[in-house]
Amino acid sequence: MTNALSAEPFADYADSIAGLACSLLKYFGAPIPRGERTLPLADRLLAEKEYQNVILLVLDGMGCNVIRRDLDRGGLFASCLAGEYSSVFPPTTVAALTSLQSGLSPCRHGRLGWTGYFPKEDKSVVLFTNKDAQTGEKIEGRSLADTYFPYRSVCAAIAAAGGNACEISPYIPPYPADFASLCSTMRDIRRQKGRKFVVAYWPEPDKSMHEGG
């Protein structure tokens, strides 16, 4: 019988996005967080050759269920599907993306939802933007999420190990305004000399699914 409080029915931590982050760390010679494990599927793919560019494009909400239900079976996503793995629990944007950025499960990085209440500040805060969830006003100073729930990102860990890594997202400079701009930035970085890792995040189709069902 399954424990009603167990996360096992919702997330397979032997094959999860946290493990994908750990596989990338391992590939670029950076240490894996203690107690975490790599993703076997990613390990196999990365072992095929010495890649000049490793680009991880994260489309929020684009899971296998969406691909099977809504997309053409002969289209790019379905036809190029190399395997399946799990999100984390809870599989919310903030919890899942932070696991992907850190290699840590949500119970270890502590960022569990879009907003979080910080008792010492007596504020509910949007964790990605550091804005007051009630008023929408920007909270000055260091991000409260970074203050109370710090972690070392995959990009920072790879850089510390002597590698070249960067992140592209609408939440950080240069703040790409649309998906075309995101892709253009990826192409510009790819053309630069040297071996590198690039992670690019875009909030679709999750945003549209929230708005339209």
Side-chain angles (χ1 to χ4, degrees), residues 11-60 62 82-89 91 93-112 127-128 130 142-176 182-203:
D12 178 4
Y13 285 100
D15 291 281
S16 78
I17 58 175
L20 172 56
C22 291
S23 291
L24 291 164
L25 289 168
K26 177 182 176 182
Y27 184 71
F28 283 94
I32 296 170
R34 183 178 299 177
E36 303 293 345
R37 65 185 89 179
T38 61
L39 175 65
L41 172 63
D43 291 337
R44 290 195 299 271
L45 293 173
L46 290 169
E48 290 180 356
K49 61 185 288 188
E50 183 84 2
Y51 293 99
Q52 183 74 359
N53 295 289
V54 176
I55 299 176
L56 176 61
L57 174 60
V58 183
L59 301 180
D60 198 335
M62 183 61 80
E84 299 183 19
Y85 52 97
S86 174
S87 184
V88 292
F89 189 81
T93 292
V94 170
L97 191 58
T98 305
S99 287
L100 191 55
Q101 291 172 327
S102 66
L104 299 170
S105 57
C107 67
R108 297 186 68 188
H109 63 63
R111 304 186 187 203
L112 304 182
L127 300 186
F128 272 2
N130 204 43
R142 188 168 185 247
S143 160
L144 293 183
D146 291 343
T147 299
Y148 291 99
F149 301 113
Y151 66 87
R152 185 163 75 162
S153 71
V154 168
C155 288
I158 291 174
N164 187 2
C166 69
E167 181 179 357
I168 311 167
S169 165
Y171 300 109
I172 59 176
Y175 304 109
L182 185 89
C183 292
S184 177
T185 303
M186 281 193 296
R187 285 193 295 269
D188 291 343
I189 294 172
R190 180 183 62 81
R191 294 189 184 106
Q192 297 172 8
K193 292 182 179 180
R195 184 167 176 255
K196 66 192 78 71
F197 168 65
V198 181
V199 56
Y201 168 81
W202 194 249

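Values in this document were obtained by computation on a predicted structure and should not be read as measured data.
The distance from the CG atom of Leu56 to the CG atom of Leu20 is 5.5 Å, given to the nearest 0.5 Å. To the nearest 0.5 angstrom, Lys49 atom NZ is 12.5 Å from Leu45 atom CG. Atoms OH and OG1, from Tyr27 and Thr38 in turn, are 14.5 Å apart once rounded to the nearest 0.5 Å. Here the OH-OG1 distance, from Tyr175 to Thr185, works out to 13.5 Å after rounding to the nearest 0.5 Å. To the nearest 0.5 Å, atoms CG (Leu104) and OG (Ser153) are separated by 11.0 Å.
Counting heavy atoms from C-beta on, the side chains of Cys155 and Cys166 never come closer than 4.5 Å. The shortest distance between side-chain heavy atoms of Glu36 and Arg108 falls below 4.5 Å. Leu97 has its side chain within reach of Val58: a pair of non-hydrogen atoms, C-beta onward, lies under 4.5 Å apart. Lys196 has its side chain within reach of Ile189: a pair of non-hydrogen atoms, C-beta onward, lies under 4.5 Å apart. Looking at Ile17 and Val88, their side chains come closer than 4.5 Å, going by heavy atoms from C-beta outward. Proximity of Asn130 to Asp146: side-chain heavy atoms (C-beta onward) are nowhere separated by under 4.5 Å. With contacts defined as side-chain heavy-atom distances shorter than 4.5 Å, the pair Ile32/Cys22 qualifies. In this structure, the side chains of Tyr85 and Ser16 stay at 4.5 Å or more apart for every pair of heavy atoms.
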**Report entry** Step-by-step side chain to side chain contact (heavy atoms under 4.5 Å, CB included) determination, Ile168 to Met186
**Finding:** CA-CA 8 Å; Ile168 311 167; Met186 281 193 296; 3.6 Å; yes
Requested in this report: Could you go through the side chain to side chain contact (heavy atoms under 4.5 Å, CB included) check for Phe197 and Leu24 one step at a time?
Outcome: CA-CA 9 Å; Phe197 168 65; Leu24 291 164; 3.7 Å; yes
Query raised in the report: So Asn53 and Arg195, side chain to side chain contact (heavy atoms under 4.5 Å, CB included) or not? Walk me through it.
Result: CA-CA 6 Å; Asn53 295 289; Arg195 184 167 176 255; over 6 Å; no
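The two atoms that bring Phe149 and His109 nearest to each other are CB-O, 3.4 Å, heavy atoms only. Of all heavy-atom pairs spanning Leu182 and Leu57, the tightest one is CD2-CD1, 4.0 Å. The shortest non-hydrogen separation linking Ser99 to Pro106 is OG-CD, 3.5 Å. Here the closest non-hydrogen pair linking Pro203 and Pro170 is CD-CG, 3.9 Å. Nearest heavy atoms, Ala161 versus Phe28: CB-O, 4.3 Å. The minimum heavy-atom distance linking Pro31 with Leu25 is given by the pair O-CD1, 3.7 Å.
A donor-acceptor contact shorter than 3.5 Å is absent between the side chain of Arg152 and the backbone of Ala156. When atom types are taken as modelled, the side chain of Arg111 and the backbone of Ala145 share a donor-acceptor pair closer than 3.5 angstrom.
With respect to Asp43 and Arg37, no salt bridge is recorded, no charged nitrogen being found less than 4.0 Å from a carboxylate O.
Judged by distance alone, the side chains of Asp15 and Ser86 never bring a donor and an acceptor atom under 3.5 Å apart. With no hydrogens or angles considered, no side-chain donor-acceptor pair links Tyr201 and Glu167 at under 3.5 Å.
Relative orientation of the Tyr171 and Phe128 rings is tilted, given thresholds of 30° and 60° on the angle between their planes.
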